[in-house]
**Q** 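Input: one structure, supplied below.
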There are 2 protein chains.
Amino acid sequence: MFGGVIPNRPFRPQPATARDKLLEAAVRLVRAQGFSATSVDQLCLEAGVTKGAFFHHFPSKEQLGVAAAQYWSRSTGEFFASAPFHHEADPAVRVLGYIDLRIALISGPAESFSCVAGTMLQESFATSAAIRDACAASIGANARALEDDIAAALAARGLVEPRAVSLARHVQTVIQGAFVTAKALPPEAAAPAARESLGHLRRYVELLLSEEPSLAA
Amino acid sequence: MFGGVIPNRPFRPQPATARDKLLEAAVRLVRAQGFSATSVDQLCLEAGVTKGAFFHHFPSKEQLGVAAAQYWSRSTGEFFASAPFHHEADPAVRVLGYIDLRIALISGPAESFSCVAGTMLQESFATSAAIRDACAASIGANARALEDDIAAALAARGLVEPRAVSLARHVQTVIQGAFVTAKALPPEAAAPAARESLGHLRRYVELLLSEEPSLAA
DNA sequence: CCAAACATACCGACCGGTCGGTATGCGTCA
DNA sequence: TGACGCATACCGACCGGTCGGTATGTTTGG
């Protein structure tokens, strides 16, 4: 890969402070068992810090959840922002390049490639507005990062339908869905199935962007 | 709608026994706040039964989760099995009819149209094999119910790619993803966004099944 | 020397689960 | 017919343990 990162979780800094260690632990545990099933004690154990350190850095478990979503959003956002597909001249190629990169990042068991924001969103959207908003911002940022390229690609084909914002959201929807249904399969089948769904998404985008303008009318 | 059912949650029987009341309460609460964030006491309160009744019918909270997934799978399965789109002659129309029905069922806030199996799967796949398997069976049954129609529609167009099993799974993936990303939006925007993503799925299936055989080669 | 960065000990509320007991319905046999 | 025996359905107080959170040190870097 590029930038010397670890495929599934880019931009993984050596966690130095107790705060960083807790955020890293939160990413691992939330992916594996969700947020509410993860206790503060468990987070401290996984991070190798004590409870005092936890509540020194975070006023509550909920605030750690918010911070974890932001940490996740920032590190993944930086990773995708620095990906080489942005240098492609054709916006359609950039869009497909993003999807190909997402496919390439999927490997191993489900908990190693699933999305922290999506997982937390699902269980916290009704119980914690702060966590919901942080997760929504993370997924929304991913969609927005795609929107301009999609808009340019659609415009280049003379298409007014679908709207770029809608298609960008759809891309994130399929990615999130792939993470969910992957968890229904045995570990060794999870990644291939998720990649296959993203393959369908890729084909859809390809069909849209290779469509003859006459067919779109 | 058909059969005199309630749109979002078909085949809702008048819950008579404490067991049924608990399963109905589980559907509501799990949709809203997930499984592990829902306590046994809360389930009893919502169902209007006592804790004694709970553990009379279920040996553990985990087993209630399994039963809730099966209850969900059975009631939704019966609903989709009895839907009128099955009477269409063209298998492609049946497939699109299924997607259209799924779109029609999406309304109101996210917790009123989201999937119990998908929600529980996400948080329990690593902590409870029994719940994971029950949820996986529910989603798998939905995919399998589509597979024959998809296979027939693809065969009628002379397509060997994609495989029917893969496309059937993809349909479920997009549906699950739509439920997740809907939760990132304010309640009034959730349903329209979810419908829009299923609209993209519908367009993809349409593009596939209306594709000229020459293009597929 | 003092704040920031931790560690330790502890709290009350709530968790899933247990247990002794009651109400009710049904088959059975004198 | 009716009273007995027994299973099912349900009740609610209670248990040990874990939960998120707090109070109070102790260490450490500037």
Side-chain angles (χ1 to χ4, degrees), chain A residues 13-30 32-69 71 116 119-120 123-132 134, chain B residues 13-30 32-69 71 119-120 123-124 126-132 134:
Chain A
Q14 191 78 338
T17 83
R19 185 188 154 91
D20 287 341
K21 285 193 247 177
L22 281 165
L23 291 173
E24 275 296 320
V27 166
R28 282 194 299 274
L29 290 176
V30 167
Q33 55 187 27
F35 180 71
S36 57
T38 300
S39 72
V40 173
D41 286 322
Q42 207 175 350
L43 282 161
C44 294
L45 189 71
E46 175 85 10
V49 304
T50 62
K51 220 164 175 176
F54 184 103
F55 286 101
H56 173 72
H57 289 288
F58 306 102
S60 66
K61 187 195 173 189
E62 183 188 17
Q63 280 304 309
L64 164 91
V66 172
Y71 171 74
V116 171
T119 304
M120 291 185 65
E123 30 175 357
S124 305
F125 87 103
T127 44
S128 164
I131 292 180
R132 164 174 43 81
Chain B
Q14 191 78 340
T17 81
R19 187 190 152 89
D20 287 341
K21 285 192 247 178
L22 281 165
L23 291 173
E24 274 297 321
V27 166
R28 282 194 299 274
L29 290 177
V30 167
Q33 54 187 28
F35 181 70
S36 55
T38 300
S39 73
V40 173
D41 285 322
Q42 208 176 348
L43 283 161
C44 293
L45 190 71
E46 175 86 9
V49 304
T50 63
K51 217 164 179 178
F54 185 102
F55 286 100
H56 171 72
H57 290 288
F58 305 102
S60 66
K61 187 194 173 190
E62 183 188 18
Q63 280 304 308
L64 165 90
V66 172
Y71 172 74
T119 304
M120 292 185 65
E123 29 175 359
S124 306
T127 44
S128 164
I131 292 180
R132 164 174 43 82

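Here is how names work: the chains are called A, B, and so on, in the same order as the sequence lines, proteins then strands, and each is numbered from 1.
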**Q** Using the rule side-chain contact (heavy atoms from CB on, under 4.5 Å), only one of A:V40, A:T50, A:L64 pairs with A:F55; which is it?
**A** A:V40
**Q** What is the distance from NZ of B:K21 to P of D:dA9, rounded to the nearest Å?
**A** 14 Å
**Q** Please tabulate the protein-to-nucleotide N/O contacts below 3.5 Å involving nucleotides 24-30 of chain D, giving atom names and distances.
**A**
none

**Q** If the sugar-phosphate is the primed atoms plus P, OP1 and OP2 and the base is the rest, what is the B/S/- string for nucleotides 16-26 of chain C, using protein heavy atoms under 4.0 Å?
**A** BBB--------
**Q** Would you say A:F58 and A:L23 make side-chain contact, with heavy atoms under 4.5 Å?
**A** yes
**Q** Ignoring hydrogens, what is the shortest heavy-atom contact between B:A134 and B:A69? Give both atom names and the distance.
**A** CB-CB, 3.7 Å
**Q** Tell me the closest heavy-atom pair linking A:T119 and A:G34, and the distance in Å.
**A** CG2-CA, 4.2 Å
**Q** Would you tell me if any nitrogen or oxygen in the side chain of A:H57 comes within less than 4.0 Å of OP1 or OP2 on C:dA5?
**A** no
**Q** I need the minimum non-hydrogen distance between B:S36 and A:E123, along with the two atoms involved.
**A** OG-OE1, 4.3 Å
**Q** Does A:K61 count as lying over the ring of A:F35, i.e. NZ or CZ under 6.0 Å from the six-ring centre, within 45 degrees of the axis?
**A** yes
**Q** Any idea which heavy atoms bring B:A32 and A:F125 closest together, and the distance?
**A** O-CE2, 3.5 Å
**Q** Do B:T127 and B:S124 make a side-chain contact, defined as non-hydrogen atoms from C-beta onward lying under 4.5 Å apart?
**A** yes
**Q** Are any of A:H56's side-chain N or O atoms less than 4.0 Å away from OP1 or OP2 of C:dA5?
**A** yes
**Q** D:dT8 C1' sits how many Å from B:R19 CZ, rounded?
**A** 14 Å
